[in-house]
J.: 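Dropping the structure in here first, questions after.
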Amino acid sequence: KIFEALNTRLGEYWWTPGGLEPSMNSYLNPNLHQDVGINTQELAVTVPKPVHVKKGMFSELHSKVSEAGIPVTATHFDLQREMLWMGNYTGHVQSFLGPTMAHYSSFQVHATDAIRHMQSLDTGVLFLSKCNLGCYTRGGLVMFDYRMEEGADMRSLLMTDNMLLMGGLQNYVVEVDLNTLQETQKFTVETPGVTIMCQTNRFFFFGHPSGKVTLRDLRTFRTQKFDAFPGGLSDFDVHGNLLAVSGFSSRGLNERFLMVYDLRMMRAATPLWVHVDPFFVRFIPTYTSRLAIISQTGECQFCEPTGLANMADIFHVNTNGQFLTSFEVSSSKQALAFGDSGGCVRLWSDTRDVMFNVYSREPCVVDALPQLTWNHNLQHCSPIPTVQATPSSRWAPGMEPEIPQTIETVGFNSYVENPYACPCNQVPANEEGTPGHGYYNHVPESPTESDEEPLLHTVPEKYRKVTIKYSKCGREDFDFKHYNRTLFAGLEPQIPNAYCNCMIQVLYFLEPVRCLVQNHSCHKEFCLACELGFLFHMLDLSQGDPCQASNFLRALRNIPEAKEMGLILSNCEETTGTVELGRLIQRWNHFILYQLFQETQEQEDPRAYRTPRSR
């Protein structure tokens with residue numbers, strides 16, 4: 001997968017000989033590794049704990065691999081709890097507790113889209129993807145899910161009291177009320193949209209992919225634009241009266257300087273030249289207004305925004321050959337979080353006793369459940385009742401004794417050769433006319449019990465063929481409700497070519513087909529669509545009583561194409577069972593679908609209408 005934020009120039013950064021100055025290369029100058037706990041051996045998954053942390057110097061505390069090979073697209077320090085959140089390219093998020101990065105929760109926010117931005121609230125966490133905004137509790141329960149309009153490509157969000165601003169690669173910014181989950185306003189911005197947003201006490205800041213930064217005064221609503229970089233914007237940050245911006249040249253390469261703007265005079269200050277390719281920019285104002293400048297390959301440099309960059313202030317993040325794809329600073333400015341394209345999250349700090357927030361609430365931690373010993377003492381807690389009858393897995397009492405002796409076992413499967421001459425779904429008849437093996441003593445009462453064949457008792461009840469014998473009153477004297485207690489009607493199988501009854505039932509339960517034929521009406525003499533619509537209407541009104549497809553089958557017999565395809569069976573073929581019903585029903589299904597399409601779409605020919613003489 002290709003991550004969108006990667007710089008095309010980075011491919012030659014590591015491999016081109018002489019592409020990096022010897023004084024800056026950590027492999028050529030080992031002095032750059034002093035006071036930084038980094039293992040220079042390239043490991044496949046994770047980095048061991050550093051052995052030394054010097055106060056005031058950032059070093060790696062812990063690292064976690066969320067999903068190997070899936071890029072981390074967003075990281076966020078929780079503003080209410082001592083937690084670190086990460087979201088990856090497949091829409092999965094995880095949270096870690098404190099400086100030890102203990103696993104807290106893990107859940108899926110979106111099925112396919114990447115997590116673009118995250119924002120913690122008092123009651124949950126907001127997760128922004130391409131066209132969806134989800135709010136989840138810190139344990140993973142859904143609070144609400146807000147869908148954007150079609151075509152939206154959201155990139156960032158910004159909280160303002162109870163209002164939420166969302167912007168992306170479209171010419172508008174949406175304002176949503178979190179109390180009502182309703183869109184309140186839509187602000188128009190210049191194309192191609194907004195990718196980064198932040199707020200101070202006086203200004204709104206909007207970063208555009210074109211390389212411009214727009215300021216909107218909260219008191220006068222006046223706007224000011226800074227054309228920072230012609231090739232695009234990678235990141236910016238604001239602290240006090242200073243705005244620092246990093247971006248690309250017109251050729252799409254990282255510029256090795258930062259544009260710094262004085263917000264009091266609304267003009268650019270002297271650009272800040274650095275020794276790394278700046279991709280992420282953050283202010284870390286602990287003692288002074290320091291800037292943290294991060295490249296995608298892991299070089300990090302600290303410098304003052306109004307001073308000169310010193311090469312001694314460079315440290316390196318061992319990414320094991322991966323690119324950094326996200327960077328975040330905690331609200332206390334004591335912790336840094338890095339996410340890379342290999343799915344690893346690294347926590348850096350300048351102290352062992354790091355705090356993510358100045359004032360944090362305790363997270364909700366569920367106590368571990370006691371281990372239960374599963375024995376017969378817990379039998380009364382089981383919802384499955386205890387049955388004293390003989391289980392069905394045991395051999396039937398009428399089974400011949402030599403059958404269990406010939407069982408062969410392969411693995412955990414056991415099988416035995418069928419000693420009977422007939423298949424397992426047939427019941428043999430003895431010469432005396434008495435039932436064979438598997439005799440059933442109990443026969444349920446039925447309306448046709450007196451007319452049943454003697455051997456019918458040997459067939460299981462659900463597989464018995466019921467023959468309807470009409471009396472003088474016809475079918476009204478037969479109790480169909482004994483066999484069908486539902487409101488779904490069946491089709492009688494005693495008429496010729498009744499093999500297609502099963503497919504007629506399938507077409508009936510396909511709502512588009514049923515509505516199509518029931519709304520069709522023409523004057524053709526043999527129209528399958530009309531006859532099928534009338535039959536479906538009878539099934540709707542039958543209330544469980546069986547219906548006959550005689551008229552439909554009569555129309556089918558009078559269509560020449562049906563005879564040519566062999567869909568009309570003779571009485572001999574039906575009684576002997578010499579026809580392959582599987583292939584026959586496939587041909588019938590192909591024919592009926594094509595015929596219904598032709599009859600419902602074609603213009604009716606006047607010659608197809610019946611005349612009074614033909615009636």
Side-chain angles (χ1 to χ4, degrees), residues 1-7 64-78 84-96 105-121 124-159 164-176 178 181 183 186 189 191-197 206-209 232-235 279-280 296 322-328 337-345:
K1 298 180 180 178
I2 300 177
F3 187 62
E4 301 172 355
L6 299 183
N7 189 0
K64 293 288 185 179
V65 177
S66 58
E67 295 183 50
I70 300 178
V72 178
T73 55
T75 52
H76 175 69
F77 285 99
D78 202 305
L84 173 61
W85 291 87
M86 60 77 57
N88 63 14
Y89 194 78
T90 59
H92 192 82
V93 298
Q94 289 188 18
S95 60
F96 308 95
S105 61
S106 177
F107 50 91
Q108 191 76 20
V109 172
H110 199 278
T112 55
D113 294 341
I115 303 299
R116 301 284 180 84
H117 203 155
M118 294 183 287
Q119 179 65 45
S120 58
L121 305 176
V125 183
L126 296 173
F127 301 98
L128 180 68
S129 57
K130 180 179 179 180
C131 56
N132 186 78
L133 174 67
C135 184
Y136 290 73
T137 64
R138 288 170 174 83
L141 299 179
V142 182
M143 298 179 64
F144 66 81
D145 193 75
Y146 182 82
R147 294 284 300 176
M148 315 295 176
E149 62 182 28
E150 187 177 357
D153 190 2
M154 295 298 176
R155 296 301 178 96
S156 62
L157 55 86
L158 178 64
M159 282 292 302
L164 181 68
L165 294 177
M166 292 181 290
L169 298 182
Q170 56 272 336
N171 61 346
Y172 60 85
V173 174
V174 179
E175 184 183 56
V176 177
L178 292 181
L181 295 181
E183 179 182 320
K186 183 179 290 188
V189 296
T191 307
V194 175
T195 55
I196 306 174
M197 295 187 296
F206 301 96
H208 306 278
L233 189 72
S234 64
D235 199 6
F279 193 80
F280 300 102
Q296 281 188 307
Q322 305 293 334
F323 295 110
L324 294 182
T325 55
S326 63
F327 173 62
E328 189 67 23
F338 301 91
D340 60 30
S341 58
C344 184
V345 180

J.: Quick check: does any side chain N or O of Ser66 sit under 3.5 Å from a backbone N or O of Gly343, one acting as donor and the other as acceptor?
T.: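 Yes, because the side chain of Ser66 sits within donor-acceptor range (under 3.5 Å) of the backbone of Gly343.
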J.: Sequence neighbours excluded, which residues qualify as salt bridge (charged side-chain N to carboxylate O under 4.0 Å, His left out) partners of Asp113?
T.: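 For Asp113, no residue satisfies salt bridge (charged side-chain N to carboxylate O under 4.0 Å, His left out) once neighbours in sequence are set aside.
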J.: List the residues meeting side chain to side chain contact (heavy atoms under 4.5 Å, CB included) with Ser234, not counting sequence neighbours, and say none if there are none.
T.: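 Listed in chain order: Ser246, Phe248, Phe279.
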J.: With distance as the sole test, does Ser341 use its side chain to make a donor-acceptor pair with the main-chain N or O of Phe323 at under 3.5 Å?
T.: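 The answer is yes, because a donor-acceptor pair under 3.5 Å joins these two groups.
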J.: What is the distance from atom OG of Ser95 to atom CG of Leu84, rounded to the nearest 0.5 Å?
T.: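 Rounded to the nearest 0.5 Å, the OG-CG separation comes out at 9.0 Å.
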J.: For Asp153, enumerate each residue passing the side chain to side chain contact (heavy atoms under 4.5 Å, CB included) test, keeping only those at least two apart in sequence or located in another chain.
T.: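 Here the qualifying residues are Arg116, Lys130, Arg155, Leu169, Gln170.
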J.: What are the two closest non-hydrogen atoms of Tyr136 and Gly140, and how far apart are they?
T.: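 Residues Tyr136 and Gly140, closest heavy atoms: CD2-O, 3.6 Å.
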J.: Considering non-hydrogen atoms only, spot the tightest contact between Met118 and Ala74 and give its length.
T.: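 Closest approach of Met118 to Ala74, heavy atoms only: CE-O, 3.4 Å.
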J.: Okay, side chain of Gln94, backbone of Val65: is any donor-acceptor separation there less than 3.5 Å?
T.: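 Judged by distance alone, no pair lies under 3.5 Å.
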J.: Under the side-chain contact (heavy atoms from CB on, under 4.5 Å) test against Met148, which residue among Val174, Asn132, Leu133, Val176 passes?
T.: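 The side-chain contact (heavy atoms from CB on, under 4.5 Å) with Met148 is passed solely by Leu133 among Val174, Asn132, Leu133, Val176.
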J.: State whether the side chain of His208 and the backbone N or O of Gly193 hold a donor-acceptor pair below 3.5 Å, judged by distance alone.
T.: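 Yes, the answer is positive, given that a donor and an acceptor are paired below the 3.5 Å cut-off.
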J.: Under the rule for ring pair (Phe, Tyr, Trp, His ring centres under 6.0 Å), what residues qualify as partners of Phe327, not counting sequence neighbours?
T.: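 Phe327 satisfies ring pair (Phe, Tyr, Trp, His ring centres under 6.0 Å) with Phe338 once adjacent residues are dropped.
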J.: What heavy-atom pair brings Pro71 and Gly69 nearest, and what distance separates the two atoms?
T.: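 Closest approach of Pro71 to Gly69, heavy atoms only: CD-O, 3.7 Å.
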J.: Quick one: CD on Gln296 to CG on Asp340, what's the gap to the nearest 0.5 Å?
T.: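 Result: 11.5 Å between the selected atoms.
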J.: Looking only at non-hydrogen atoms, find the nearest pair between Tyr146 and Leu181 and report the distance.
T.: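 In this case the closest contact between Tyr146 and Leu181 is CE1-O, 3.7 Å.
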J.: List for me each residue that meets side chain to side chain contact (heavy atoms under 4.5 Å, CB included) alongside Met159, sequence neighbours excluded, and say none if there are none.
T.: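 Testing Met159 for side chain to side chain contact (heavy atoms under 4.5 Å, CB included), a comparison that skips the adjacent residues, returns Gln119, Leu121, Leu126, Leu164, Leu178.
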J.: State, to 0.1 Å, how close Ser120 and Phe77 come at their nearest heavy-atom pair, and which atoms those are.
T.: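 Nearest pair, atom of Ser120 first, then Phe77: OG-O, 4.4 Å.
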J.: To the nearest 0.5 Å, what is the distance between CD1 (Ile70) and CG (Asn88)?
T.: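 So the gap between those two atoms works out to 5.5 Å.
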J.: Where the side chain of Ser156 meets the backbone of Thr195, is there a donor-acceptor pair that is under 3.5 Å apart?
T.: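 Flag set: sc Ser156 to bb Thr195 pair under 3.5 Å.
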J.: Provide the closest heavy-atom pair for Cys131 versus Ala152 in the form atom of the first, atom of the second, distance.
T.: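 Answer, listing the atom of Cys131 first, then Ala152: CB-O, 4.0 Å.
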J.: Is there side-chain contact between Phe96 and Met86, with heavy atoms separated by less than 4.5 Å?
T.: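 Yes; the side chains approach each other to less than 4.5 Å.
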J.: Supply the atom-to-atom distance Met166 CE to Leu157 CG, rounded to the nearest 0.5 angstrom.
T.: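 Here the interatomic distance stands at 7.5 Å.
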J.: Can you measure from CG (Asp235) to CZ (Phe280) and round to the nearest 0.5 angstrom?
T.: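 Spacing of CG (Asp235) from CZ (Phe280) equals 7.0 Å.
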J.: Between Val93 and Phe127, is there a side-chain heavy-atom distance shorter than 4.5 Å?
T.: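 Of all side-chain heavy-atom pairs linking Val93 with Phe127, at least one is under 4.5 Å.
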J.: Tell me the salt bridge (charged side-chain N to carboxylate O under 4.0 Å, His left out) pairs involving residues 136-152, sequence neighbours left out?
T.: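 Pairs touching residues 136-152 that pass the test: Asp78-Arg138, Glu149-Lys186.
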